[in-house]
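Protein chains get the first letters and strands the later ones, always in sequence-line order, with residue 1 at the start of each. If you're wondering where the values come from, they're calculated on a predicted model, not measured in any experiment.
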Amino acid sequence: MTTVESRAVACAPQGPAPVRRNTELSLLVFAALVPVLAYAETGLAMDGRLPAGMLGYGLGLGSFVLLAHLSVRRFAPHADPLMLPIAALLNGLGLVFIWRLDKARELHPNYPAAQNQLLWSGLGIALFIVVMARLKDYRRLQRYTYLSGFAALVLLAVPAFFPVRAGDFGARIWIHLDGFSIQPGEFVKILLPVFFSGFLMVKRDALALASRRLLGLYLPRGRDLGPIVVVWTLSLLILVFETDLGTSVLFFGIFVVMLYVATERTSWVLFGVLMAGLGFWAVAHTEGHVRGRIDEWLHPLAAAPGAGVGQIGQALFALGSGGALGTGLGQGHSWLIGFAAKSDFILGTIGEETGVTGVIAVLVLYGLLAERGLRTALAARDPFGKLLAVGLSAAFALQVFIVAGGVTGAIPLTGMTLPFVAQGGSSVITNWALVAVLLKISDLARRPAPGEPLQPGTQP
Amino acid sequence: MSELTLTVMRLGFLAVLWLFVIVAVQVIRSDLFGTKMTGRATTTARRGGNPTTARQSSAAAAPQQRQQAPAQQPRQRRGAPTHLVITQGSLAGTTVALQGQTITLGRAHDSTIVLDDDYASSRHARIYPDQSAGAWVVEDTGSTNGTFLDNARLTGPSPLQPGSAIRIGRTVIELRK
């Protein structure tokens, strides 16, 4: 019989698994060239010549992402090949659009923003490399479950204790240090999934199995309802004290998504949506700020006396004038979006200048990034990694949905930045760190385990 | 700048943006259906080895498979069928790589594919390469309930076309490229 021989063959090393780092490198070159093209087009359209800083921006971001790529090669050789190029492309496009808005007019506040954004992107990629190098094994984060939960709460609560400033537009989510401001709520996007995955890993069996069946739904026991009620209350408290609708939706959304993934119970999703709806209905009736946002969502074209349409109306006009193919980069009238054109409303400019074709491409890129995150969750071998990958991808995808939905009038507008694209230092830094953690999980998930037979199931 | 240049650049930018999206999707696609699996299978084949590849890691189905001595080793032609896929029945999802050896099907423990199927006989059927015809042939080996090829009961050895379904009891097996 040759059975023994063939067994020996099955255990023999079969060469390295494909690591796809070269795919990543070529995609990265592509991703660095697209913004350079956009940059040239904007300059030609606005000044009639190639912009002077074209090489500077191109090489600047290009060398940053090259460093990031080298760190992936060194520290996470089996990681997903798509996340880094997509993030780099989105970041590069964001830089071009911010630079373009800088040129349009000295938009208030902070001008010029593009240099700062490039600097923040550099810092973000530096943090990316630090996470790559220092986070040897993401499962260690599990030890810091409650610490990260506590840190998240502190970061969420801190801005409420700082004096409110005139330029904050109602929401108290910034900390102003001299010269610049940071938005601590952004970092919560990473801390909360760490806390939730650590927590749910321990509790998920109780949440999934100990329930009574009623009308085809699995109702959780009262004592298991505890955590969801606590999170719900906290997110409402943020909403009330900081009037920050976006963060509280994000906060609660991540929790419901992770609860659903951990327990596979649809009833949790129903509960979550019901409770969120109830809470926001109540807050909308008591808080003037939130009610104003809802009114503006319902009647975006209602002009205020003595002024034009509101911000959503302006964004809708920008999207409409873009049409199918857009006016071309640098040829729109985006400075007409008076408020937060570079941050929350940057999707309006993208829509005006690249049309629905460009907006869909950008949204598909976000979708691909989130998909790679969920794919990582599927491939991850340990429950903590699965939950963490789901939580981080959900945070990312929810943020895109919240801000894109707000700008296009699908849901009430909440102040959030479009990840990687919009101006905002805290946001860019956090998103680069988020991608780094996802890549670490993906590295471990795609790495062939030592001694594992490469053809599973062939041994009797 | 002339209007034409700007229009070309505008459309060019959108095209390049979408090209990136398409390339990214291609990368995902090659990740899913990459040449990785077949590459491994042919490597093993060249070394004279291991006929079964269970894609399903379900412990219940996989360990029952036995290796069969490679009786003949014809060279694989390009485009020739490379594996059998079980599409229905309790083993659904399992694939078995074809390496030129006879594959026996049945409830008997020494079959290549051990069928856990109430309607299968111990030695139900066999699938073997026919050198003269250059095709894989399925033959019923005296089963009680019969072997069906595309809904017709087999009466003698019949050549298999890729994609045609062999049904044994509740199990359906297909030859794939």
Side-chain angles (χ1 to χ4, degrees), chain A residues 1-3 5-10 12 14-15 17-18 20 23-24 26-27 30-31 33-34 37-38 40-41 44-49 80-82 85-86 89 93 325-331 353-355 357-358 360-362 364-365 368-369 371-372 375 446 454-460, chain B residues 1-3 5-28 30-32 34-37 39-41 43-59 61-70 94-95 97 99 101 109:
Chain A
M1 286 297 286
T2 53
T3 318
E5 182 203 10
S6 58
R7 274 183 200 173
V9 168
Q14 305 254 337
R20 317 221 62 180
T23 315
E24 182 180 83
S26 37
L27 272 172
F30 196 169
L33 287 179
V34 174
L37 176 68
E41 190 193 341
L44 283 178
M46 295 180 83
D47 304 333
R49 59 188 168 81
D80 192 280
L82 270 176
I86 292 178
L89 176 61
L93 287 180
L325 293 173
T327 58
L329 291 171
Q331 299 167 69
E353 304 204 334
T354 64
T357 321
I360 291 178
V362 169
V364 167
L365 287 175
L368 286 176
L369 197 52
E371 189 268 347
R372 290 326 278 170
R375 177 74 219 155
R446 292 163 63 103
L454 286 168
Q455 294 190 349
T458 47
Q459 303 303 311
Chain B
M1 263 302 124
S2 73
E3 200 63 23
T5 321
L6 289 179
T7 312
V8 168
M9 288 204 83
R10 175 167 67 114
L11 298 180
F13 173 70
L14 287 177
V16 169
L17 197 58
W18 274 100
L19 188 65
F20 184 89
V21 171
I22 291 165
V23 170
V25 171
Q26 285 297 320
V27 171
I28 295 181
S30 65
D31 232 29
L32 285 179
T35 51
K36 209 172 86 190
M37 285 308 265
R40 275 186 197 155
T43 315
T44 328
R46 235 175 284 125
R47 292 183 195 170
N50 206 332
T52 51
T53 304
R55 197 179 288 167
Q56 204 186 32
S57 56
S58 134
Q64 294 175 356
Q65 298 171 0
R66 287 293 146 81
Q67 282 121 13
Q68 186 80 7
T94 313
T95 61
Q99 256 115 45
Q101 80 288 16
H109 286 295

Toward chain A, the part of L11(B) with a non-hydrogen atom under 4.5 Å: side chain
Based on non-hydrogen pairs under 4.5 Å, which of [options] is most in contact with chain B?
| options | answer |
| --- | --- |
| V364(A), V362(A), L27(A), T23(A) | L27(A) |
| A40(A), A31(A), S26(A), P81(A) | A31(A) |
| T354(A), L33(A), D80(A) | T354(A) |

Any donor-acceptor N/O pair, W18(B) side chain to T357(A) backbone, under 3.5 Å: yes
Any donor-acceptor N/O pair, R10(B) side chain to G326(A) backbone, under 3.5 Å: yes
Heavy-atom pairs under 4.5 Å with chain A, option from V23(B), V25(B), V16(B) with the top count: V16(B)
Spatial distance of atom CD (E353(A)) from atom CG (L14(B)) [nearest 0.5 Å]: 11.5 Å
Trace of the side chain to side chain contact (heavy atoms under 4.5 Å, CB included) decision for M9(B) with L37(A): CA-CA 8 Å; M9(B) 288 204 83; L37(A) 176 68; 4.0 Å; yes
Smallest separation among heavy atoms of [X] and [Y], with atom names:
| X | Y | value |
| --- | --- | --- |
| R372(A) | I28(B) | NH1-CG2, 3.5 Å |
| A24(B) | L368(A) | CB-CD1, 3.9 Å |
| I86(A) | F20(B) | CG1-CE2, 4.1 Å |

Minimum side-chain heavy-atom gap R20(A)-V27(B) below 4.5 Å: yes
Audit row: L17(B), L93(A), side chain to side chain contact (heavy atoms under 4.5 Å, CB included) steps and yes/no: CA-CA 10 Å; L17(B) 197 58; L93(A) 287 180; 3.8 Å; yes
Partners meeting side chain to side chain donor-acceptor pair (under 3.5 Å) with E371(A) (sequence neighbours left out): none
